[in-house]
Amino acid sequence: MDTPMQVVYSQEQIAQRIQTLGTTISAAYREIQEPLVAVCVLKGAFVFFSDLVRGLDLDLEIDFVRLASYGQQTERHFKVQFTKDLETSITDRHVLLVEDIVDTGHSVQYLTQVLWARKPKSIRICALVDKKERREVNVHVDYPGFDLAKGFIVGYGLDYAERYRHLGEICTFTDLADLQ
Ligand code: IMP
Ligand code: MG
C-alpha cells in the first residue's frame, strides 16, 4: 500500500493560480515588446511549464535545461550540476526561468549564474511553489505560484525519489507532514 497522502493544492486551485500567473506574466512582458525565451527546468517543472506557457499571450520560444542535485531530496543539498543545456542562444534576449520549487535557492542561484554569463537582457524567475522561509541564499522569485512555509510536496511534476510526478494535484504525505 502507498503512504497516505493529503491534498495541499487541488487541480482547480492550481489551474486558477496558473491562469492568473499567465495574465500577470503576459502583461509584464508585453510592455517590453521583445521576444522571450521561456526555460523549463526539468524534470520537476514539466507539468507546470506546459500549463503555464499555454496561458501566455506572447511571442515566445521555449527551451529546457536539466539540473541534478545529489543526495536525498528531503535533505539539504548544495551540490548542483547542469546535466542538459539549452539549445537556444539567450544572448541579448529576455529569459523567463520556470521552476517547480525554489527551496534553499541553491539550484536557481547556480542556474542564473551560468545563464548570466551568456549575457541575456534579463532573467526573471517563475516558480510554482516558493518556500521563502527556507531560503539560504539571496534568490527572489518574480512570479511565485504558491508560498509554502514547510512540508515536502509531490505531484503535478514534483517527485519523491522519482515517484508521484504524474499526480494531477499537489499532495503531502500525511505521516511526514513535518518532514522539512
Ligand atoms: P533548492 O536548490 O533547495 O532551491 O532546491 C530546489 C529543488 O529541490 C526543487 O527544484 C525541487 O526539485 C526540489 N524540492 C524542494 N522541495 C521539494 C518538495 O517539497 N518536493 C519535491 N521536490 C522538492
Ligand atoms: Mg527542480
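As the structure lists them, so they are numbered: ligands from 1, and atoms in each ligand from 1. Quick note: residue numbers are just sequence positions, from 1.
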Return yes or no for this condition: an N or O of Gly105 is under 3.5 Å from an N or O of ligand 1.
yes
Whether the Asp57 and Ser26 side chains hold a donor-acceptor pair (N or O, under 3.5 Å, no angle test) is what I'd like checked.
no
Minimal non-hydrogen separation, Ile90 against Leu115, with atom names
CD1-O, 3.7 Å
Looking only at heavy atoms of Asp100, does any of them come nearer than 4.0 Å to an atom of ligand 1?
yes
So which atom in Val8 and which in Gln13 form the shortest heavy-atom distance, rounded to 0.1 Å?
O-OE1, 3.8 Å
Measure centre to centre between the rings of Phe173 and Phe152, then say whether the value is under 6.0 Å.
no
Between Leu97 and Phe82, is there shared hydrophobic-cluster membership here, with clusters defined by ILVMFWY side-chain heavy atoms closer than 4.5 Å?
yes
For Ser107, the ligand 1 atoms with a heavy-atom partner under 4.0 Å come out as 1 (P), 2 (O), 5 (O), 6 (C)
When you measure from the centre of the six-membered ring of Tyr156, is the NZ or CZ of Arg165 closer than 6.0 Å and no more than 45° off the axis?
no
Determine the interplanar angle of the Tyr29 and Tyr143 rings, folded into 0 to 90°, and report it as parallel if under 30°, tilted if 30 to 60°, perpendicular if over 60°.
tilted
Atom 1 (P) of ligand 1: which of Val41, Asp130, Thr104, Ile170 has the nearest heavy atom?
Thr104
Under a heavy-atom criterion of less than 4.0 Å, does Lys131 contact ligand 1?
yes
Select one of side chain, backbone, both or neither to describe which atoms of Asp159 lie under 4.0 Å from any atom of ligand 1, heavy atoms only.
backbone
Check each atom of ligand 1 against the heavy atoms of His106 and keep those under 4.0 Å away; list them by number with element.
2 (O), 4 (O)
Ignoring angles and geometry beyond distance, decide whether Ile153 reaches within less than 3.5 Å of ligand 1 through its nitrogen or oxygen atoms.
yes
Out of Leu111, Ile101, Val102, who gets a non-hydrogen atom closest to atom 14 (N) of ligand 1?
Ile101
